[in-house]
Amino acid sequence: MPDGAGLGELLSAAGRIVLFTGAGISTESGIPDFRSPGGLWSRYRPIEFGEFMASEEARREAWRRKFAMDEVLLKAEPNRGHRACEKLIRSGRATCVVTQNIDGLHQASGIPEDKVIELHGNGTYAKCLVCETRYELPPIRKAFLADATLPTCKFCGGTVKTATISFGQAMPPEAMRWAERETLAADLFLAIGSSLVVYPAAGFPVLAKRNGARLAILNREPTELDAYADLVVNAEIGNALGDAVGVN
Ligand code: NAD
């Protein structure tokens, strides 16, 4: 049942909020989510990390898809849901956003880097998988589009990949520890626009609830964890969260 008023009350009553976001918060910015039908992401079987490392052709396919998706990603701007999160952080009511998204839109909405925990990395730049040197995308794109050149690290020769976490790739240990600390310190955990099926990320709402926090879920559809939640709001994120927090 939609219960936007209940969401506002729960947010007001909380002392320390963790915001946990999935692809659903960015659909109103024009970025398709993973599981809704018809999205760019749902048309392809994901390339697992092992395949990426083992095969040049898989790496070429990964970069082809990446640059096709960038047509959408690079144009996207934060929406009302991102602005509501930013207001909750700025006011100090929420301590951080734990996000599964790789689009950088929380940072673009004005949330400082040190309040955004990216569990699945960031697709707006690339990194050497060996020495972790950061690489910007435009030169990689230019070389790839010219003659399908695959990027390698100019310092150590390692494979360069977008700074995202693929299926089969190890989770970033520091982000995981940080998200765990924040989850255990929260008294309200709000899951926004995630189907809550991708683990280990979806373990955080469960951890929060087991630790005694309240759990609220905002999603237009039922999720896997609705039965655990103190409040489930089935509504569009921008409207529901924007109204609850008071942003346009
Ligand atoms: P998901 O696609 O599994 O789930 C998105 C959920 O949001 C769905 O349950 C859908 O019903 C809901 N939703 C979509 N738009 C909504 C709206 N406007 N209002 C209310 N609910 C809405 O996404 P997930 O749980 O984040 O898992 C997908 C994985 O794919 C993540 O690991 C993420 O890294 C990646 N991904 C990221 C992006 C991005 O960065 N924007 C986009 C697609 C996928």
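Residue numbers run from 1 in the order of the sequence given. Just so you know, ligand 1 is whichever comes first in the structure, and atom 1 is the first atom listed for that ligand.
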Quick note on ligand 1: atoms under 4.0 Å from a heavy atom of Ile31 include exactly 41 (N)
Closest to atom 5 (C) of ligand 1 (heavy atoms only, candidates Pro32, Gly22, Pro46, Gly193) is Gly193
The option among Ser195, Gly104, Ala23 carrying the non-hydrogen atom nearest to atom 3 (O) of ligand 1 is Ser195
- Task: For Arg93 and Ile17, indicate whether the former's side chain and the latter's backbone hold a donor-acceptor pair under 3.5 Å.
- Result: no
query: For Ala235, is the nearest heavy atom under 4.0 Å from an atom of ligand 1?
result: yes
_Do the side chains of Arg141 and Glu71 get close enough for a salt bridge, i.e. N-O under 4.0 angstrom?_
yes
Hits for salt bridge (charged side-chain N to carboxylate O under 4.0 Å, His left out) against Glu28, two or more places apart or cross-chain, chain-then-number order -> none
Among Asn234, Ile237, Asn219, the residue with a heavy atom nearest to atom 12 (C) of ligand 1 is Asn219
Atoms of ligand 1 under 4.0 Å from any heavy atom of Ser26, numbered from 1 in the order shown, are 41 (N)
With a 4.0 Å cut-off on N to O distance, would you call Arg65 and Glu61 a salt bridge? yes
A student comparing His120, Gln100, Glu221, Glu236 should find that the heavy atom closest to atom 32 (O) of ligand 1 comes from His120
Exactly one of Val233, Asn234, Leu231, Leu196 clears side-chain contact (heavy atoms from CB on, under 4.5 Å) with Ile217, and that residue is Leu196
Atoms of ligand 1 under 4.0 Å from any heavy atom of Thr27, numbered from 1 in the order shown, are 14 (C), 15 (N), 16 (C), 17 (C), 18 (N)
Candidates Arg220, Glu28, Glu224; heavy atom nearest atom 22 (C) of ligand 1 found on Arg220
Show every donor-acceptor pair shorter than 3.5 Å between a side-chain atom in residues 176-185 and any protein atom, with sequence neighbours excluded, or say none if there are none.
from	atom 1	to	atom 2	distance (Å)
Glu182	OE1	Arg16	NH2	3.0
Glu182	OE1	Thr95	OG1	2.8
Thr183	OG1	Ala179	O	2.6

Within the 4.0 Å heavy-atom cut-off, what Ile102 brings close to ligand 1 is both
Here the gap from Ser194 atom OG to Leu218 atom CG, rounded to the nearest 0.5 Å, amounts to 11.5 Å
